[in-house]
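I have placed the structure first, in the form of structure tokens, so that the comments after it can refer back to it.
Predicted model only: the values in this text are computed from it and were never measured.
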Amino acid sequence: MKKMLLLLVALVAFAACDDDPIDYSTWSNEELLATPGGVDYLIRTAAPIDYAAIEEELKTKVFDPYYFFVYSSCDGWLDSQDKWDGGVNLNPFVVLDDVVRDCFREDVYDYRTSEGERVEYMYFEYPYTGDRLAAVLKYRGHERANLKARIENTLIVESYDEYGRRWLDLVRLTDNREEYLNTYRHNFYDLILYLGGKPYYEVLPN
């Protein structure tokens, strides 16, 4: 009986070892950032975040999302490359002294300046007071957005949308601030929508 009990314990132990989760500790940061499980591992094991350093960097750098993972109870994990109807923008954000600029490209509709110049690169602008990081997280697009970890030059931001889906955004802090300010130099609300080559107010009924 004792031998049978020991054999049973050994079998259970073997099965438990066989079902062990992935050993992410052997992966590189690049490999970890390429999978949602790896990103979760980085969140659990990352060093404490130096918020003061990020605040300082946002004075001169661009908050530049470059990839995301999202968990749906229906579809499991999806990412930036999946074709689905719940996509999120990967717009860069420039944080100025009192406004956050959400920079984006519009190449479907015909927007022009008052002088008639066609514009594709534009921005929305949102006022803020207080911390730069808190401001850009607020306007990123989802509720309850929190910075969970920093891995080298990548920030991991976790948020939840109105459907309860969990998002993991990967964001770089890039040094091309002046380039973005020069490229995205038109406020969306200063532009005029053209329809069929004419301003919308000449085409649409009053």
Side-chain angles (χ1 to χ4, degrees), residues 21-72 76-82 86-105 123-181 183-184:
I22 298 170
D23 182 9
Y24 289 114
S25 66
T26 63
W27 292 27
S28 67
N29 284 343
E30 183 179 2
E31 291 170 328
L32 291 167
L33 289 169
T35 69
V39 173
D40 264 333
Y41 172 79
L42 288 170
I43 290 173
R44 294 195 305 270
T45 60
I49 300 169
D50 187 343
Y51 290 96
I54 295 173
E55 278 294 306
E56 194 64 25
E57 289 178 81
L58 285 173
K59 293 179 181 178
T60 59
K61 294 186 177 183
V62 176
F63 184 94
D64 196 359
Y66 68 92
Y67 209 81
F68 69 79
F69 300 98
V70 57
Y71 183 79
S72 164
W77 282 106
L78 302 171
D79 62 28
S80 300
Q81 296 179 348
D82 287 306
V88 66
N89 66 62
L90 291 175
N91 299 345
F93 289 75
V94 179
V95 188
L96 304 176
D97 288 338
D98 56 359
V99 293
V100 174
R101 285 192 178 179
D102 178 357
C103 303
F104 66 100
R105 183 184 182 190
Y123 63 83
F124 290 118
E125 203 164 65
Y126 310 108
Y128 80 94
T129 57
D131 293 343
R132 291 173 174 81
L133 178 60
V136 76
L137 291 178
K138 175 182 177 180
Y139 293 117
R140 177 68 186 95
H142 296 142
E143 298 297 323
R144 293 184 286 158
N146 289 290
L147 178 60
K148 303 298 288 187
R150 179 174 190 167
I151 309 300
E152 299 171 352
N153 200 38
T154 293
L155 307 181
I156 300 174
V157 177
E158 179 188 65
S159 61
Y160 292 84
D161 65 19
E162 64 270 29
Y163 304 106
R165 294 177 297 203
R166 182 188 181 214
W167 295 77
L168 295 172
D169 288 347
L170 306 183
V171 182
R172 291 191 185 101
L173 298 179
T174 59
D175 289 315
N176 47 357
R177 182 186 179 93
E178 290 306 314
E179 175 188 341
Y180 276 84
L181 290 174
T183 300
Y184 300 88

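Atoms NZ and CD1, from Lys61 and Ile54 in turn, are 10.5 Å apart once rounded to the nearest 0.5 Å. Here OG1 of Thr174 is found 11.0 Å from CD of Glu57. Values are rounded to the nearest 0.5 Å. The structure places CG of Leu32 at 11.5 Å from CD1 of Ile43, a figure rounded to the nearest 0.5 Å. Separating the OG1 atom in Thr154 from the CG atom in Asp169 is a distance of 12.0 Å, to the nearest 0.5 Å. Ile151 CD1 to Asn29 CG: the interatomic distance, rounded to the nearest 0.5 Å, is 6.0 Å. In this structure, CD1 in Ile156 is found 14.5 Å from OH in Tyr67, a value given to the nearest 0.5 Å.
Applying the side-chain hydrogen bond (donor to acceptor under 3.5 Å, both in side chains) definition to pairs two or more places apart or across chains, those involving residues 44-56 are Glu56-Lys59.
Residues Gly37 and Tyr24 approach most closely at CA-OH, 3.4 Å, considering heavy atoms. Contact detail for Ala46 and Ala149: the closest heavy-atom pair is CB-CB, 3.7 Å. Closest non-hydrogen pair, Arg166 versus Tyr160, comes out as CB-CE2, 3.6 Å. Between Arg177 and Leu58, the shortest heavy-atom contact is NH1-O, 3.3 Å.
Of the candidates Tyr123, Tyr184, Phe124, Tyr180, Phe124 is the only one forming a ring-ring contact (aromatic ring centres under 6.0 Å, His included) with Phe104. Tested against Leu133, the residues Val95, Leu147, Ile49 include a single side-chain contact (heavy atoms from CB on, under 4.5 Å) partner, Leu147.
Side-chain contact between Asn153 and Leu173 is present, with at least one heavy-atom pair separated by less than 4.5 Å. Between Leu170 and Val39 there is a side-chain heavy-atom pair separated by less than 4.5 Å. When side chains are defined from C-beta on, Trp27 counts as touching Thr35, because their heavy atoms get closer than 4.5 Å. Within the 4.5 Å cutoff, the side chain of Cys103 has no heavy atoms near those of the Asn91 side chain.
Using a distance-only test at 3.5 Å, with no hydrogens or angles considered, a donor-acceptor pair links the side chain of Asp161 to the main chain of Tyr163. Side-chain atoms of Tyr139 come within 3.5 Å of backbone atoms of Pro127 as a donor-acceptor pair (strictly under, hydrogens ignored). With hydrogens and angles ignored, the 3.5 Å screen pairs a side-chain donor or acceptor of Arg150 with a backbone N or O of Glu152. Of the possible polar contacts, one joining the Tyr128 side chain to the Leu96 backbone as a donor-acceptor pair under 3.5 Å is found.
Environment of CG in Asp23: crowded, with over 12 heavy atoms of neighbouring residues, nucleotides or ligands closer than 6.0 Å.
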The test is side-chain contact (heavy atoms from CB on, under 4.5 Å); show your working for Val62 and Glu179 and say whether it passes. CA-CA 10 Å; Val62 176; Glu179 175 188 341; over 6 Å; no
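Tyr66 is linked by a ring pair (Phe, Tyr, Trp, His ring centres under 6.0 Å) to nothing, counting only residues two or more places apart in sequence or in another chain.
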